[in-house]
Amino acid sequence: MAHARAIFFAYPIEALGVIPAFGYERVSSSPFEIYRNAAGNILAISGIGQLNAANCFWHVKKNFGFAEALNVGAAGALKGGMKLGEIFQIEKNFSTDKYFGDSFALETPFAFKKAVLATSYVPVTTQAARDELAKKADLVDMEACGLCAAAKLHGVNMRAVKFVSDFSPGCSIPENIVKLRGVLEAHPELF
């Protein structure tokens, strides 16, 4: 049975409020945590990184099927003027790996501001690296390009929505994500 939408989160705490708010029930816990709700949507926790994200996409597509995919999760702000918890829809995604090759143009059907997202294989841990990346992108994450590449291979429409979880290399991303619980739950159109 193909499901309406597969929603991919990297980190379990990103989805903790969403799972009960939208009636998701666990259907699998290995190799990835997978949940399903009454609307027929699948929610998957991929783990951090592009390879985990791509593998999770493949696993969910093979075992559950879905018509469209959405990546939701935390991202670091690279430019000033963004607020903690502010939500953006991604219009372009590219990898910081010069050998990755592809960049991806994504549909932006939601009522959030648009942003360009860089996907890094490693955490961007210095302000100098963030400043350099800010010349090309608004936000940075570690999963979206893996999902976009997998979606392209499978012919699936991919969208991405990110919330600002940090501004500097020194902040506690998990602590900020916990503080932001409720931000995503205010947007049922995603889930």
Roughly how far apart are [X] [atom1] and [Y] [atom2], rounded to 0.5 Å?
X	Y	atom1	atom2	answer
R26	I45	CZ	CD1	9.0 Å
T108	E91	OG1	CD	6.5 Å
L51	Y121	CG	OH	8.0 Å
L190	E185	CG	CD	10.5 Å
S28	R36	OG	CZ	10.0 Å
L147	N71	CG	CG	5.0 Å

Do [X] and [Y] belong to the same hydrophobic cluster, where Ile, Leu, Val, Met, Phe, Trp and Tyr are linked whenever their side-chain heavy atoms lie under 4.5 Å apart, directly or via other members?
X	Y	result
L180	I48	yes
L153	V156	no
F57	V27	yes

Please check if the side chain of [X] supplies one atom and the backbone of [Y] the other of a donor-acceptor pair under 3.5 Å.
X	Y	answer
Q89	F110	yes
N37	G23	no
E175	S172	no
S120	P123	no
D166	I173	no
E143	G49	yes

Quick one: are [X] and [Y] in side-chain contact, heavy atoms under 4.5 Å?
X	Y	answer
D141	K162	yes
E107	M158	no
F8	V72	no
D138	L117	no
I90	V116	no
T119	N93	yes
Y11	S46	no
I42	Y24	no

- Item | Derivation of the side-chain hydrogen bond (donor to acceptor under 3.5 Å, both in side chains) call for N55 and H59 | CA-CA 6 Å; N55 283 336; H59 174 77; over 6 Å; no
- Query: Do F191 and F22 have ring centres separated by under 6.0 Å?
  - Reply: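 Close enough - the centres of the two rings lie under 6.0 Å apart.
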- Kindly state whether the ring of F94 and the ring of F104 have centres lying under 6.0 angstrom apart.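 Distance test on ring centres: not under 6.0 Å, no.
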Minimum heavy-atom separation for [X] and [Y], please, with both atom names.
X	Y	value
S95	Q50	OG-NE2, 3.8 Å
F163	G85	CB-O, 4.1 Å
A74	S165	CB-OG, 3.4 Å
G146	A54	O-CB, 3.6 Å
M82	A77	SD-CB, 3.6 Å
G17	P20	O-CD, 3.4 Å

- Message: Determine whether L139 and V164 satisfy the following criterion, side chain to side chain contact (heavy atoms under 4.5 Å, CB included), listing intermediate values before the conclusion.
- Response: CA-CA 8 Å; L139 300 165; V164 175; 3.9 Å; yes
- Identified side-chain contact (heavy atoms from CB on, under 4.5 Å) counterpart of F9 within the set L70, I19, L184: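 Among the candidates, only L184 passes.
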- Begin from the C-alpha positions of F112 and H187 and carry the test ring pair (Phe, Tyr, Trp, His ring centres under 6.0 Å) through to its verdict. CA-CA 10 Å; F112 305 116; H187 298 283; 4.8 Å; yes
- Query: Any salt bridge between R159 and E68, counting N to O under 4.0 Å?
  - Reply: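 Yes, charged N to carboxylate O under 4.0 Å.
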- Query: Between K79 and D131, is there a side-chain N and carboxylate O pair less than 4.0 Å apart?
  - Reply: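 Salt bridge: no.
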- Query: Where do L43 and I34 land on the side chain to side chain contact (heavy atoms under 4.5 Å, CB included) test, with the steps shown first?
  - Reply: CA-CA 6 Å; L43 186 150; I34 311 291; over 6 Å; no
- Geometric cation-pi criterion, K61 with F66: 6.0 Å, 45°: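 Yes, a cation-pi geometry.
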